[in-house]
Amino acid sequence: IYIILTSKGSSTGSVTFDTLPFTNAATYPSAVTFGRFENMTYTGQFNGRVGASSTSIELFQTTEAGVLSGITDANFTNTTLCIASVSYAI
């Protein structure tokens with residue numbers, strides 16, 4: 001997955017990448033591996049997953065204290081770059 005923003009807009013809520021080609025298996029979520037990301041802010045660790053029975057990648061940040069929260073529009077710039085890969089059971 002290769003995503004580069006040129007104008008992020010002003011959306012609200014957590015960021016998701018929708019419409020994966022297949023639905024993830026219902027038994028467990030699958031991790032997303034990020035090879036590179038630029039021009040964005042986050043706290044602690046940046047991570048993502050495909051939820052069980054989902055066709056969307058959800059993005060999260062996890063603080064050093066283990067507090068999980070969603071990545072939002074505020075974390076991105078107009079030039080954010082994200083390169084990732086994901087494997088999931090169908």
Side-chain angles (χ1 to χ4, degrees):
I1 300 169
Y2 183 93
I3 296 171
I4 188 164
L5 299 181
T6 57
S7 179
K8 69 175 184 139
S10 59
S11 297
T12 59
S14 295
V15 172
T16 59
F17 300 140
D18 294 325
T19 319
L20 293 173
F22 304 102
T23 301
N24 192 27
T27 51
Y28 52 86
S30 299
V32 176
T33 302
F34 293 93
R36 184 173 177 181
F37 41 91
E38 298 177 1
N39 303 320
M40 63 178 290
T41 60
Y42 58 93
T43 302
Q45 299 293 319
F46 176 67
N47 50 68
R49 72 174 184 186
V50 179
S53 301
S54 177
T55 59
S56 299
I57 296 174
E58 304 164 305
L59 302 181
F60 299 96
Q61 55 191 340
T62 307
T63 68
E64 298 300 323
V67 177
L68 183 76
S69 63
I71 296 288
T72 68
D73 175 77
N75 296 98
F76 290 111
T77 69
N78 286 328
T79 57
T80 295
L81 166 73
C82 182
I83 301 172
S85 64
V86 60
S87 296
Y88 56 99
I90 55 173

Enumerate donor-acceptor pairs with a distance under 3.5 Å from any side-chain N or O in residues 82-90 to protein atoms, sequence neighbours excluded.
from	atom 1	to	atom 2	distance (Å)
Y88	OH	F22	N	3.3
Y88	OH	F22	O	3.0

* Short question: side chain of N24, backbone of S54 - any donor-acceptor pair under 3.5 Å? -> no
Can you give each donor-acceptor pair under 3.5 Å made by side-chain atoms of residues 2-13, sequence neighbours left out, with the distance rounded to 0.1 Å?
from	atom 1	to	atom 2	distance (Å)
K8	NZ	D73	O	3.0
K8	NZ	D73	OD2	3.2
K8	NZ	F76	O	3.3

Run the side-chain donor-acceptor check on residues 58-66: report pairs under 3.5 Å with partners two or more places apart or on a different chain.
from	atom 1	to	atom 2	distance (Å)
E58	OE1	R49	NE	2.7
E58	OE1	R49	NH2	3.4
Q61	OE1	T43	N	2.8
Q61	NE2	S69	OG	3.4
T62	OG1	N47	ND2	3.1
T63	OG1	A65	N	3.3
T63	OG1	G66	N	3.4
T63	OG1	V67	N	3.1

* Sequence-distant partners of S53, side-chain contact (heavy atoms from CB on, under 4.5 Å), two or more places apart -> A26
* Asked: Does L81 share a hydrophobic cluster with V15, counting links as ILVMFWY side-chain heavy atoms below 4.5 Å and allowing steps through other members?
  -> no
* Apply side-chain hydrogen bond (donor to acceptor under 3.5 Å, both in side chains) to D18 and list each qualifying residue two or more places apart in sequence or on a separate chain. => T16, S56
Enumerate, atom names and distances included, each donor-acceptor pair closer than 3.5 Å involving a side-chain atom of residues 32-42, sequence neighbours excluded.
from	atom 1	to	atom 2	distance (Å)
R36	NE	E38	OE2	2.5
R36	NH2	E38	OE2	2.2
N39	ND2	T79	O	3.0
N39	ND2	T79	OG1	3.3

* Structure fact -> Between G70 and S14, the two heavy atoms sitting closest are CA-OG, 3.7 Å
